[in-house]
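Written out below as structure tokens is the structure these notes cover.
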Amino acid sequence: MVVKNLRASREDMDLKQKDIAEMFNVNFSTVSGWETGKDTIPLERLVEYANRFNFSLDYLFGIRKINDTSYLPLTLNLDVIAKNLKRIRKEYNLTQEDVSKIINTSQASYAHYENSIYLIPTNFLYNLTKIYKNISIDSLLGRKKQ
């Protein structure tokens with residue numbers, strides 16, 4: 001399951017899947033799929049959820065056990081994300097091909113994320129946590145603290 005704490009966070013706020021479905025204008029079965037891991041929540045939707053309800057992405061992904069509420073709302077910026085993806089990959093002395101194999105995509109696709117062409121999908125972003133220990137997804141996406 002990619003977003004481990006999506007369901008728990010919703011339930012902690014006493015919200016139903018129907019409430020989240022209405023927020024995103026999707027069917028409640030879509031929300032169910034996100035919560036069970038059957039479907040992957042689009043990163044844009046996850047960020048919107050995190051911003052609206054003041055959750056850190058690290059908490060929602062299950063990287064941190066405690067929600068850090070000191071983050072400011074995030075606006076996704078492909079250039080910032082691309083720069084951070086490249087920087088961290090180089091810090092670990094990996095090639096794009098190395099990373100692409102681990103996250104299960106092609107080198108060409110991964111290059112698009114590092115070159116600000118496409119937004120990295122949620123599941124690939126999560127898979128990066130298997131490579132880069134102690135990574136903060138909030139930081140990788142450029143999210144700032146208050």
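Across every non-hydrogen atom of N123 and T40, the tightest pair is N-CG2, 3.8 Å.
Side chain of D138 to backbone of L57: a donor-acceptor contact under 3.5 angstrom is found. Of the possible donor and acceptor atoms, one in the side chain of D98 sits under 3.5 Å from a partner among the backbone N and O of T95. Formation of a donor-acceptor pair under 3.5 Å by the S109 side chain with backbone atoms of T105 is not found in this model.
Sequence neighbours left out, the pairs with a member in residues 52-78 that pass salt bridge (Lys or Arg N to Asp or Glu O under 4.0 Å) are D68-K145. Residue pairs meeting the ring pair (Phe, Tyr, Trp, His ring centres under 6.0 Å) criterion with at least one member in residues 65-108, sequence neighbours excluded: Y92-Y132. Judged as a salt bridge (Lys or Arg N to Asp or Glu O under 4.0 Å), the pairs with a partner in residues 105-117 (not counting sequence neighbours) are, in order, R89-E114.
In this structure, I120 and L128 have side chains that are in contact, with non-hydrogen atoms separated by less than 4.5 Å. Using a 4.5 Å heavy-atom cutoff, the side chains of N134 and I63 are not in contact. In this structure, L43 and L141 have side chains that are in contact, with non-hydrogen atoms separated by less than 4.5 Å.
Aromatic ring orientation, F55 versus Y59: parallel (interplanar angle below 30°, classes split at 30° and 60°). Relative ring orientation between F124 and Y113 is described as tilted, the plane-to-plane angle lying within the 30° to 60° band.
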Inset, instruction - Report the C-alpha separation of Q107 and E97 in whole Å, then their side-chain angles, then the decisive distance to 0.1 Å, and conclude whether the side-chain hydrogen bond (donor to acceptor under 3.5 Å, both in side chains) test is met. - result: CA-CA 5 Å; Q107 184 275 326; E97 187 173 343; over 6 Å; no
Just distance, no hydrogens or angles: give the donor-acceptor pairs under 3.5 Å from side chains in residues 19-27, sequence neighbours left out.
residue, atom, partner, partner atom, Å
D19, OD2, K16, N, 2.7
N27, OD1, S29, N, 2.9
N27, OD1, S29, OG, 3.1

For residues 72-84, which side-chain N or O atoms pair as donor and acceptor with protein atoms under 3.5 Å away, sequence neighbours left out?
residue, atom, partner, partner atom, Å
N77, OD1, D79, N, 2.8
N77, OD1, V80, N, 3.1
D79, OD1, S116, OG, 2.8
N84, ND2, V80, O, 3.4
N84, ND2, S139, O, 3.4
N84, ND2, L140, O, 2.9

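By the ring-ring contact (aromatic ring centres under 6.0 Å, His included) test, F53 pairs with Y49, sequence neighbours left out.
Note that CD1 of I41 is 5.0 Å distant from CG of L46, once rounded to the nearest 0.5 Å.
Under a cut-off of 6.0 angstrom, the local environment of CZ in R7 is sparse, with at most 12 non-hydrogen atoms contributed by other residues, nucleotides or ligands.
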